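Quick notes on the structure that follows.
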Amino acid sequence: MPQKRISIRIDGELVSTVEGKTILEAARDAGRRIPSLCHMDGLTDVGACRLCLVDLGGGGRLAPACTTPVQEGQAVITNSPRLLAYRRVILELLLTERNHICSVCVANGNCELQALASALGVTSVRFPYRYPNLPLDLSRDRFVLDQNRCILCTRCVRVCADVEGAHVWDVKGRGIYSRLISDLDQPWASAASCTDCGKCVQSCPTGALAEKGKAVEEMVKQTWQVTNAAERKRAVL
Amino acid sequence: MIAAGEKIKLATVWLDGCSGCHMSILDLDEGILSVAERADLVYSPLVDTVEFPEGVDVALVEGAVSSLEDASKLQSVRARSRVLVALGDCAVTGNVPAMRNRLPVKQIMQRLYIEGADVNPGVPASGVPPLLAQARPLHEFVKVDFYLPGCPPDPKAILSVLTDVLAGRAPKLPAVKFG
Amino acid sequence: MTLPTAVTPGKPDPEKCAFIDGVIARSTGRPGSLLGILEAVQENNPRKYLCSSELRYIAAKTNTPLSQIFSVTTFYALFNLEPQGDHTIYICRGTACHARGSRNLLESLRLDLGIKEAPDEGGADKLTLTTPDGKFTIRTVACFGQCALAPVVELDHRICGHLNERALAREVDALRQENHQ
Amino acid sequence: MTPIADIGSFNAAREAGMAKLQPAAPRIGVGMGTCGRGNGAEEVYRAFAEAIEAHGLDIRLAAVGCFGACSEEPLVNVWIPGQPLVILRHVHSADAARILADVHQGRIPPDLAWCKIEEWDHITARIRYGAGFPELPQWSEIPFFHGQKKIVLRNCGLISPDDIDEYIAVGGYQALYKVLIDSRPEMVIEQVKAAKLRGRGGAGYATGLKWEFLAKAKDPSKYIVCNADEGDPGAYMNRNEIESDPHSLLEGMIICGYVTGTQQAIVYVRAEYPLAVHRLTRAVEQAREYGILGPSVLGRGVKFDIELVEGAGAFVCGEETALIASLEGFSGRPRPRPPFPAQKGLDGKPTNINNVETWYNIAPIALKGPAWFTETGSARSAGTKVFSLVGKIRNTGLVEMPLGTPLKTFIYDIGGGGVGECSIKAVQTGGPSGGCIPLEMFDTPVDYETLAQLGSIMGSGGMVVMDENNCMVDIARYFIEFTHSESCGKCVPCRVGLDKALDVLNGFTKGAGNSAQLALLDELGRMIRDTSLCGLGQTAPNPVLTTLRHFRYEFDDHIIARRCRAGVCDSLALSPCENSCPLHMNIPRFLGLLKRGRLEDAFESVILDNPLPASTGRVCQHPCDMRCRRLTMDAAVNMRDVHRFIADSILLSDHFDAMVARVADRKLPPTGKKTAVAGAGPAGLTAAFYLALLGHDVTVFESKREAGGMLRYAIPEYRLPKHVLEREVELIRRMGVKFEFGMPVSSAISLHDLDEQFDAVFLSIGTWKESWVHLPGTELKNVIPALLFLEGVASGSVSQIGRRVAVIGGGNAAVDAARTALRMGADATIVYRRERKEMPAIKEEVDAAEHEGVKLQFLSAPHRIVGDPKGNVRALEIVKTRLGEYDLTGRRKPVPTAEVARVECDAVILAVGETIDLDFARGSGLTLRENGTFVVDRFTLETSRPKFYAGGDVITGASNVSNAMGYGKKAARRMDEALMGVKRFQRLSGGFDASEYEAEPATEIARQRPAELAPAMRVKSDAEVVVGLTRGQASAECGRCLRCDVRA
């Protein structure tokens, strides 16, 4: 069934798209990037990072572009001063939550968090850093989990459960004490459910999940491979 | 703000950092000449003034605040400078020096100077300034006017900031990144 | 990393397995079944907690990923992954109780039982503290809904209202005496 | 049990229920909700059961639900056939035997009887109990119930929740039966829409619309969910509703199931509510047995069943998408909407979720129609809402009020106002998602929209009352701590943002904070509100944003002055007593020193904190008494009398000179700065003392002939002997303070002169003008203002005042004037327009006055003074008042009645308060407020003129001695800081080693009271009434201190 074409306005510009797409997709089709971290092509969106919030006018609440479907005649604002300020605060908050020491991180230069901070002009953080004492899981042969860099985007959780079907990862606890865990919060190597496929590593936007043996700046994620795999799987289903 | 055309007093300060940011200043190459034309370097690890002078126009501060000495030095730098720039990730975020923050100082000292010592185990007590419980960025202690992240910061960014300040403009930072 | 769950591998004893099987059989297919199963198994444990062998068994029998089970048991305040004391004392930290001084009750009880400050992980605002001898567990609860009796403490499922520090100490002493007998 | 399948079997069940509800024998119902049980209802029930059994009485016993009046628990209702139902309160198990004995003989124990119910409107039916017991009030006449309209709580506390027959007897399941018979489901949805019923869980979404969505959803399997995961701290109406009347919930849900074509329903109930779970389980079983749930509801071929799921303790599961996740076996992390649960809910099926209380409104609407329902409530919010009224309020409990009722009706009329002497300052509504509404806004009608405008929300209906002992910064911190620990952690703003907000607020309560952080907190709050994923995060900042909006000054206190007025933030205070003391005396220190017998050290400690310790030891309002933690055990430590003892022991002894020298040794070196103090009252003397100790040159300018101000001229000799005050003034003089008497500032020396001659000036000229009442007859002879009278007596110029004196007013001046008149041989009557408990005078003084023979006439407003042709006073005519509406101070306004009375008298003293001398104030050229007080910086006490500071009554209006002294002390500190550029004040009081007065366990003895002269003796002379503690008493009293200053 051919999808119905509709038009919406994004930051004043008339954009033609099809029904069923999200605002994020429609904007990208039109060459406009809305910042996001928890979104990854091929995975179900969860609307958790709140970076892609857009203003749909009418004084209503802001809506996440990744989970809000387009509607005929919609007027979307993606870059008002308020939205930009909020996005910067979100990045500031993420930077203080864990120990993001870019200079010694394997993902330095290839990190989505670092890149967004740079793109949005976050040059300092006004909130005090938490400096939590977090472990590094080196138990596995090929991969590393560094909790210090995790932003709880749950891309790994979703890719593992939905694409690989293993559901090794989940999040324990709640609030600021939420942590990524494998199986019963045990060393990754002892998690029997893991297939060693590495999709989680390639999906991770930061240096939290990385290949072992990579030095600073060496970890480049092949996110597109995972996206392809996810889309292949979806096509089969 | 610095009035245009005036020869200014420039200072650079080295707190808890690796001096890499200072190296980056030296990496300004010929750019440094244009700065030298307009500025006197009145205090720096590169010159041998002991006391941080009064009436400094621009102070570039490298490093995190890790010890009581850093903290008090920073206070006087702030009191005596018109513009204070946090130079590099350690000054801006705490960076590598802050990696110790998750552990109590006592535990670190124990590990380093007692468990890790081959000869004469013992925590040095004299001649070293007492460490603060945590290494923290400059702005948690004093007002910072501009932030220049990077590890080290890009020399071009340093030059751009200095050029703007020397010209009496509010610096417009080129795209910079942490790390 | 020290992991409480790694210490008890293997399968629960046959009696326990039979109990868990029964619970699962009764609730399969009903909404909210996982929570119900975990609640029942914890209640059945003499120390009122879920040990990792039980979790693994439930996961296997209900076809639930281990990580999801762990996520659930650490998300809800009701579940314990550590053995609980002989006596459980809940201090209500609801608004009415707070406005009537429940924080002081908590502090004085903690000192009275000789428990040092709660560790940072998990946060001091949601705590479960057990005395080293395993006699007492202090827990906080968001609100008992007993606001008219504020401040409220529940000692072994008995609600005590309008408590002050001295009255609480007396109640705890009574529990201690009980212990001795 | 046979299923109900037709009207015959339905009526049979109804008759069976009626026979239980109104048996041929008396029936006793014990309120067995959780709150009743918490108060001992189980023991009461057992005592009844045993006694009935033992004596073989023909009395039926039932366990009923809760009637809502939690502060009166345990509640018991008694029905003797033909008589009204009588509610007994505060029933203990020991009362059971005598209640039974009385009931057996057709009587009710009068001491336990609270009120009666002759007929009850269950909405679904009317039950008549009978008439009788004329001496008992109707239930609706009890203030706590007056104005309540019980629709939701229609059955609570009257029927047994465990018995479906009783529910049917009061009209239960009749609405369901009618709906099924009518067989027009869409009509019911229209009725719910027309009734404007809105979700009672807090958000207030139209219930009818939600039902319509569900009815339209074509999916054959869909769900109805009742959200009983009541998690708002401070709200427990859902628990009570289920515990007391579970079948009403089932009936509402079954009706919804039928009209929306849904067959499966779930009640998600908190596991922390075991009794509610138990009763609901029982109710579901009974409903199945009766065929009300199951394959064919009431035999009408409609299938419907209900499952119970126990929540496992996560506040966020109150959010509907989190609740669904929880039901599906996941952690309760909310999901983005769209898709909405009505489209894709539980297991992807269309799902409708309503709060418990919403369901309770369904049967009444279905039975009585929307027009009846909308009669109650406001235009936009129809019906009633159940609120839990808790916190610092006299009558706590559940109240069901029409929406739109003003807040003050809840607080004062129903709640009965604050607890003890404390005044209420705010109400927190809506739990952690709501906000704090300040006293000034208590006129607000409570409905969804108005609360939202104030930045709060209705929420589930929690109302937690806060009084002056609650710190609003701490309350904001508390709520953020709560939401912080309940945040699911999924979205960044809520997970990390609340952590930062908590960090900042923790800092504030510990004295670490600045205005930049305050601004950041505000920005962060707005950001969390606007960007969070679910309702928890979106509303979590409300408590902070509302307290910032309405209680900004409390934040300033914490950040700028590092003080917590309520004394909650204990890092900001030494101890509760120190915090409450306007002079911030280190009370534990002098108690500890005296306890060790170190009288001189104790005196030094006292005098360094308070230069007028003997005077304040007699006349202070002693706020410390109210805050002493010993109060929770027996009675407050008598701190005031102990420091009076310490002060008297030195000031009135031959140690005086030696101690003066010791204090003088503490003087800091001369600074060369010249300071002036205008006014030698308590504030001025205090400032002068400290300025001198700090090394400044001090000159005090005073218009009168002697120092002491009100202490000297307004407080009578019998309360404060002048020779005591003179010793204190002498000590201050010996610190180097110069006095210039007869030198009123402005007329004798101008502000301009002071400005020229001094480096800093403190203005503390007090309030010396008596307020005048506009009363016919005040021009008569022998009508005199209290202050003028007292001053005349003190200076010897007045020696008599007629035979019968009427004193108008209720403050200390009124009591002082009356007692002074008594000592001059007159008869004195105090005439006050409110009640005794509202008199601003110190309570002990009022009692003493009464003992001495002063007559007190309350609820009497002066009307006119009647004179004779010669201009002499003959009588005071008064209008009796009654107490009307509450004003914003939480007191009821006296309203004149038609009743007029006369107080025969030949003199009238007016003591209606003092005001500032406006001529002086206006002449000063300083910026003033409307009432003539000086505008000063709240923290530095600087006036609008540089170098000039002001404190005491000139900035607050008439207050009291200790408050004035507190300002004097603060002014001296601030003036010194400004003059010297450094903080030096602390240097004055050092030198006390804490080990000198180490803490020891407190003793169990009772509060020591000072001896007093017998009333008959007192009125014969000016002799001091209160003799003071003995040495032994004082030292024993010190041992009672709990030493809150010592931290573990």
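Order of the sequence lines fixes the chain letters, A, B, ..., with proteins taken first and strands second; residue numbering starts at 1 for each chain. Just so it is clear, the structure is predicted and the values come from calculations on it, not from any experiment.
- The residue among A:V157, A:I176, A:V171 with the most heavy atom pairs within less than 4.5 Å of chain C is A:V171.
- The two atoms that bring C:L66 and A:L184 nearest to each other are O-CD2, 3.6 Å, heavy atoms only.
- From C:F75, atom CZ reaches atom OG of A:S178 across 8.0 Å, with rounding to the nearest 0.5 Å.
- One finds the CG atom of C:L81 at 9.0 Å from the CG atom of A:D185 (value rounded to the nearest 0.5 Å).
- C:S71 places no side-chain N or O within donor-acceptor distance of the main-chain N or O of A:K172, the cut-off being under 3.5 Å.
- Between C:Y76 atom OH and A:R174 atom CZ the span is 9.5 Å, to the nearest 0.5 Å.
- Within a 6.0 Å radius of CZ in C:R47, other residues, nucleotides and ligands contribute more than 12 heavy atoms.
- Remark: C:D13 CG is packed, more than 12 non-hydrogen atoms of other residues, nucleotides or ligands lying under 6.0 Å away.
- The closest donor-acceptor contact from the side chain of C:S67 to the backbone of A:D183 lies at 3.5 Å or more, if one exists at all.
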